[in-house]
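Scroll down for the structure; my scribbles are underneath it.
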Amino acid sequence: MLEIDGLRAGYGKIQVIWGVSLRVAAGETVAVIGANGAGKTTVLRSIAGLLRPEAGRIGFHGHDIGKLPAHAIARLGLALVPEERELFPWMSVYENLLLGGRLCAERERVEKNLERVYGLFPVLRARHRQTASVMSGGEQQMLAIGRALMSNPALLMLDEPSTGLSPRVVGSIFDVIGRLAEQGGTTLLVEQNVHLALDIAHRAYVLERGRITLEGAGHELMENPLIREAYLGVADA
Ligand SMILES: Nc1ncnc2c1ncn2[C@@H]1O[C@H](COP(=O)(O)OP(=O)(O)OP(=O)(O)O)[C@@H](O)[C@H]1O
Ligand SMILES: [Mg+2]
């Protein structure tokens with residue numbers, strides 16, 4: 001579904017991504033893990049069209065999306081939940097969700113997607129009139145994911161959904177990511193919480209200073225001594 005070859009990207013003269021290639025197949029949950037500043041967000045921003053790649057190919061459903069503007073990429077079925085969530089703080093939960101559904105042509109679809117989101121995150125139904133800015137951090141993350149799901153995207157990209165949240169809230173968000181996978185959804189997940197990410201991902205890539213240094217099945221990487229030492233804080237004797 002998503003095929004990236006030789007992606008290079010950066011900011012002005014500063015190159016950050018040095019030839020990244022990765023794949024996400026339909027129905028897969030794929031994780032990208034890496035330290036702070038490795039370039040994880042830069043990869044997601046390049047895919048979503050928020051940053052113009054300097055070189056390489058980004059194929060999505062057979063389209064070359066590397067030069068398309070962000071709104072055109074969103075229309076092709078790709079949704080990004082950014083690290084900062086970027087909710088409309090003064091609007092209600094319901095209004096934020098409706099804005100996520102604005103790409104749907106038919107009202108019926110919006111209703112259907114809304115029911116699905118409320119099913120995944122019952123707290124959003126219970127608080128649908130509440131102003132987004134007064135929701136807790138965890139509820140805001142749920143709303144950000146819910147808003148992205150309102151367009152029924154073919155590929156959902158999550159940038160560090162666990163950041164700043166308590167283990168209990170992180171657990172319920174990861175439960176939902178798991179349920180999306182069970183329902184056949186496709187997710188590209190960027191995470192600092194390597195344990196959680198490798199546990200939920202079918203496959204994962206390790207990004208170090210803008211390059212992919214390791215890839216494999218989630219459970220394989222979990223057993224890899226390099227990963228255990230560098231990312232899981234487990235030194236094998
Ligand atoms: N707008 C920008 N202008 C210049 N440099 C940037 C910009 N955004 C990011 N960078 C630099 O690019 C590099 C990669 O940043 P990026 O945000 O992609 O990393 P990350 O892996 O997502 O890190 P984190 O885990 O902290 O979110 C860093 O060195 C960062 O300083
Ligand atoms: Mg980041």
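Predicted model only: the values in this text are computed from it and were never measured. Note that ligands are numbered from 1 as they come in the structure, with each ligand's atoms numbered from 1 the same way. Positions are given from 1 along the sequence.
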Test R125 against E115 for salt bridge (charged side-chain N to carboxylate O under 4.0 Å, His left out), laying out the working first.
CA-CA 9 Å; R125 190 199 299 274; E115 272 314 302; 3.2 Å; yes
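- In terms of protein heavy atoms, atom 26 (O) of ligand 1 is closest to N36 ND2, 2.8 Å.
- You'll find the side chain of E191 reaches within 4.5 Å of the side chain of P161, heavy atoms only.
- Screening residues 126-155 for salt bridge (charged side-chain N to carboxylate O under 4.0 Å, His left out), with sequence neighbours left out, gives R127-E139.
- Residue contacts to the Mg ion (ligand 2): T41 brings an N, O or S atom closer than 2.8 Å.
- Scanning the protein for heavy atoms near atom 17 (O) of ligand 1, the closest one is T41 CB, 3.6 Å.
- The structure places CD1 of I58 at 10.0 Å from NZ of K67, a figure rounded to the nearest 0.5 Å.
- Heavy-atom distances between R45 and ligand 1 stay at or above 4.0 Å for every pair.
- Considering only non-hydrogen protein atoms, atom 27 (O) of ligand 1 sits nearest to E83 OE2, 2.8 Å.
- The nearest heavy-atom contact from the protein to atom 6 (C) of ligand 1 is Y11 CD1, 3.3 Å.
- Among protein heavy atoms, the minimum distance from atom 23 (O) of ligand 1 is reached at G37 N, 2.8 Å.
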Pair L149, L180 - check side-chain contact (heavy atoms from CB on, under 4.5 Å), show working.
CA-CA 10 Å; L149 291 174; L180 292 173; 4.1 Å; yes
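- Closest to atom 15 (O) of ligand 1, if we only count protein heavy atoms, is T42 OG1, 3.8 Å.
- From E220, atom CD reaches atom CG of L198 across 11.0 Å, with rounding to the nearest 0.5 Å.
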Where do H63 and I73 land on the side-chain contact (heavy atoms from CB on, under 4.5 Å) test, with the steps shown first?
CA-CA 10 Å; H63 300 268; I73 294 173; over 6 Å; no
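- For atom 19 (O) of ligand 1, the closest non-hydrogen atom on the protein side is G39 N, 3.3 Å.
- Heavy atoms of A35 come nearer than 4.0 angstrom to ligand 1 in at least one pair.
- Looking from atom 12 (O) of ligand 1 to the surrounding protein, the closest heavy atom is V16 CG2, 3.2 Å.
- With salt bridges taken as basic N to acidic carboxylate O contacts below 4.0 Å, one links R23 and D5.
- Counting protein heavy atoms under 4.0 angstrom from atom 2 (C) of ligand 1 gives one or more.
- In this structure, atom 31 (O) of ligand 1 is not in close contact with the protein, since no protein heavy atom lies within 4.0 Å of it.
- If you take CG on N36 and OG1 on T41, they are separated by 9.5 Å, rounding to the nearest 0.5 Å.
- Inclusion of A38 in the set of residues having an N or O under 3.5 Å from an N or O of ligand 1 is warranted.
- Contact annotation: the side chain of M142 approaches that of V169 to within less than 4.5 Å [non-hydrogen atoms, C-beta and beyond].
- Below 4.0 Å from some heavy atom of E160 lie the following atoms of ligand 1, by number and element: 24 (P), 25 (O), 27 (O).
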